[in-house]
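Take a look at the structure set out below.
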Amino acid sequence: MSVKTYIQDNKERFLNELFDLLRIPSVSADPKFKNDVFAAADFVKEQLEKAGADKVELCQTAGYPIVYGEKIIDPALPTVLVYGHYDVQPADPYELWDSPPFEPVIKTTDRHPEGAIFARGSADDKGQFYMHVKAFEAMMANNSLPCNVKFMIEGEEEVGSANLDIFVKANKEKLKADVVLVSDTHMISLQDPSVTVGLRGLAYMEVEVTGPNRDLHSGTYGGAVANPINILCQMIASLQDENNHITIPGFYDKVEEYSAAYRKALNEAPFDLEDYKKKLDVADVHGEAGYTTIERVGIRPTLDVNGIWGGYTGEGAKTVLPSKAYAKISMRLVPNQDFREISNLFEAHFKSIAPASVKVKVTPHHGGAPAVVSTDTPGYRAADLAIQEAFGKKAIPTREGGSIPICALFQQELGLDPILLGFGLDTDALHSPNEHYGVANYLMGIETIAFFFKHFKDQASA
Ligand code: BES
Ligand code: MN
Ligand code: MN
């Protein structure tokens, strides 16, 4: 029986199992969901066992466990290390979901005429890593697993993977492999399949601006004492100039600049700006002068306020000059920018632009390195061949704006370029209300992954 037939015959069960996993609200950021995150780890462990993996275990960490399992059919054969994450982002704001985030349902959309699974984590990353478990099951079931495989599915990706970092450094022998395979990114579309060859890094900061030592009557004091929210807004606004260039001194010093040829090739990927704007309901795009939208998210660093708060935000009006204002600010980084260095530059600059009328506190959160992978490796060639076999087209290499900090660690610690074979679409609403993942993407992904294993065996031995 072919893998394709096996997938067709077991399609309903493959979907139902994923639904069971999606019903577990494994939100790593919120301690309220602690038991659920552990429950998701147990679920993954059990499913890996059922699919035929050996030595399946929960590797305990200071945080949530890493699920490990393997199938070594012959030590002489190449080994694929599969990485994914079973934790998800918080589902807030709940009121913006059309159906409850942890009660998966299938609905059709413009981009998913055959239906998509709506649930938090459907695309990021449960629906995507689970394809690997099912591809493995299918290959085991028809006796066609061509290489060794190791699974490493973590529960803290959405909060920075700090414990995975320690785990990888301490378990290099256990994790020894010939390639890392990750499905946690996007593709352009099922018509234009792509493989991600670059991810941005991240530096995430929290700032607190304090004015007077207590909230004040905004009539009695307004105009005479610094309002920390007004000041914070001015400070944030000054972080970008009229060209949307970031003004932090030294910020661009190490930024990798690309040749005209590279930029041209990047812009040859199918991209419809009008459609992009229409889908987001924006009259225009916005970004750094001199770069296209593809370049702005793929190869340029950025700075964004993720949240800003302070003062009175309840019903009606309250006249108050608040004592404090806060913001969470993230910077997406590109090759050669070090997140610790950038965090330090941010902190020094942010403090230097604060007027004497306020006090400023800057706290860095997690960060991560960018990662760029070569297209000239057995892993990339295998991914391209797998895409060709499944979709009938060559894979388009793309640079994506999101971050998977652990990818750089795989390169550094294990010496392996991760292959980012993702099947989500950019409109799948990752981290947003109504996150969804195409049923066709899920099934095509399972098939493509099985093809990857076959081609990787040949490529790695070639
Ligand atoms: N899967 C995403 C990253 C991603 C999404 C890459 C889409 C490419 C396309 C991952 O789970 C994620 O959300 N990463 C975080 C960083 C992390 C340190 C919280 C991100 O990019 O914000
Ligand atoms: Mn993810
Ligand atoms: Mn995510």
Side-chain angles (χ1 to χ4, degrees), residues 21-22 26-30 37 40 63-64 82-92 101 119-132 152-165 181-189 194-206 269 294 297-299 301-307 328-334 339-340 342-343 364-373 397-409 418-433 435-437 441 445:
L21 175 59
L22 290 169
S26 49
V27 179
S28 52
D30 187 345
V37 187
Y64 292 118
V82 173
Y83 164 79
H85 62 95
Y86 62 81
D87 64 321
V88 300
Q89 284 274 322
D92 309 74
R120 167 58 81 233
S122 54
D124 185 11
D125 178 42
K126 287 172 173 173
Q128 295 220 59
F129 88 73
Y130 205 67
M131 298 183 305
H132 291 266
M152 177 171 67
I153 314 296
E154 71 152 322
E156 301 187 315
E157 196 277 342
E158 300 292 8
V159 290
S161 304
N163 290 305
L164 185 73
D165 202 287
L181 185 60
V182 183
S183 295
D184 192 24
T185 50
H186 294 139
M187 63 176 4
I188 298 172
S189 68
S194 54
V195 172
T196 305
V197 294
L199 292 166
R200 289 193 288 189
L202 182 69
Y204 202 110
M205 321 294 293
E206 185 158 334
I294 285 184
V297 297
I299 58 168
T302 52
L303 182 148
D304 277 289
V305 181
N306 296 253
K328 292 185 193 275
I329 299 172
S330 68
M331 289 162 282
R332 293 283 169 176
L333 311 177
V334 297
F339 78 87
R340 288 177 199 86
I342 294 291
S343 298
H365 281 271
H366 55 240
V372 172
V373 307
T398 57
R399 299 275 301 257
E400 283 205 81
S403 310
I404 309 178
I406 211 70
C407 285
L409 192 87
I419 300 303
L420 301 162
L421 190 58
F423 296 88
L425 303 184
D426 59 0
T427 45
D428 284 351
L430 275 65
H431 296 199
S432 290
E435 176 180 353
H436 54 278
Y437 187 44
N441 300 62

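Keep in mind it's a predicted model, so treat the numbers as computed, not measured. Ligands are counted one by one from 1 in listed order, and the atoms in each one are counted from 1 as well. Computed from heavy atoms alone, side chains included, the values below leave out hydrogens, waters and symmetry copies.
- Note on ligand 1: G368 sits outside its first shell, no heavy atom being nearer than 4.0 Å.
- Taking every non-hydrogen atom of L199 and a distance limit under 4.0 Å, the qualifying atoms of ligand 1 come out as 6 (C), 8 (C).
- Applying the side chain to side chain contact (heavy atoms under 4.5 Å, CB included) rule to S189 yields the partners R111, Q191, D192; only residues at least two apart in sequence or on another chain are considered.
- Counting protein heavy atoms only, atom 14 (N) of ligand 1 is closest to S403 O, 2.8 Å.
- Within ligand 1, counting atoms from 1 as listed, the ones closer than 4.0 Å to a heavy atom of L430 are 5 (C), 7 (C).
- Between atom CG of residue D124 and atom CG of residue L430 there is a gap of 4.5 Å, rounded to the nearest 0.5 Å.
- S122 and A119 make their closest contact through OG-O, 2.8 Å (heavy atoms, listed as atom of the first residue, atom of the second, distance).
- Note: M331 CE to L303 CG = 5.5 Å, rounded to the nearest 0.5 Å.
- Where the criterion is an N or O separation shorter than 3.5 Å, residue side chain and backbone included, H85 meets it with respect to ligand 1.
- Residues satisfying the side chain to side chain contact (heavy atoms under 4.5 Å, CB included) test with N163, not counting sequence neighbours, are T61, A62, E156, I166.
- On a distance-only criterion, H186 and ligand 1 share no N/O pair closer than 3.5 Å.
- Residue E158 forms a side chain to side chain contact (heavy atoms under 4.5 Å, CB included) with just one option from D87, V88, V27, D125, and that option is D87.
- When every heavy atom of G155 is checked against every heavy atom of S28, the shortest pair comes out as O-CB, 3.4 Å.
- The shortest N or O to N or O distance between E157 and ligand 1 is below 3.5 Å.
- Using a 4.5 Å cut-off on side-chain heavy atoms (C-beta onward), L22 and Y437 make no contact.
- Among protein heavy atoms, the minimum distance from atom 18 (C) of ligand 1 is reached at P405 CG, 3.7 Å.
- Just one of R120, E157, E435 meets the side chain to side chain contact (heavy atoms under 4.5 Å, CB included) condition when paired with Q89; it is R120.
- Of the polar atoms of H431, at least one N or O is found under 3.5 Å from an N or O of ligand 1, judged by distance alone.
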**Test log, rule side chain to side chain contact (heavy atoms under 4.5 Å, CB included), inputs T185 and Q128** = CA-CA 9 Å; T185 50; Q128 295 220 59; 5.8 Å; no
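- Within ligand 1, counting atoms from 1 as listed, the ones closer than 4.0 Å to a heavy atom of E400 are 8 (C), 9 (C).
- Residue I153 comes nearest to Y83 through the heavy atom pair CD1-C, 4.4 Å, listed as atom of the first residue, atom of the second, then distance.
- Close to ligand 1: R332, with a non-hydrogen atom less than 4.0 angstrom away.
- Residue D184 places at least one N or O, backbone or side chain, under 3.5 Å from an N or O of ligand 1.
- Of all protein heavy atoms, the one lying nearest to atom 19 (C) of ligand 1 is E158 O, 3.5 Å.
- Protein N/O/S atoms closer to the Mn ion (ligand 3) than 2.8 Å number 4 in this structure.
- With sequence neighbours left out, V297 forms a side chain to side chain contact (heavy atoms under 4.5 Å, CB included) with R200.
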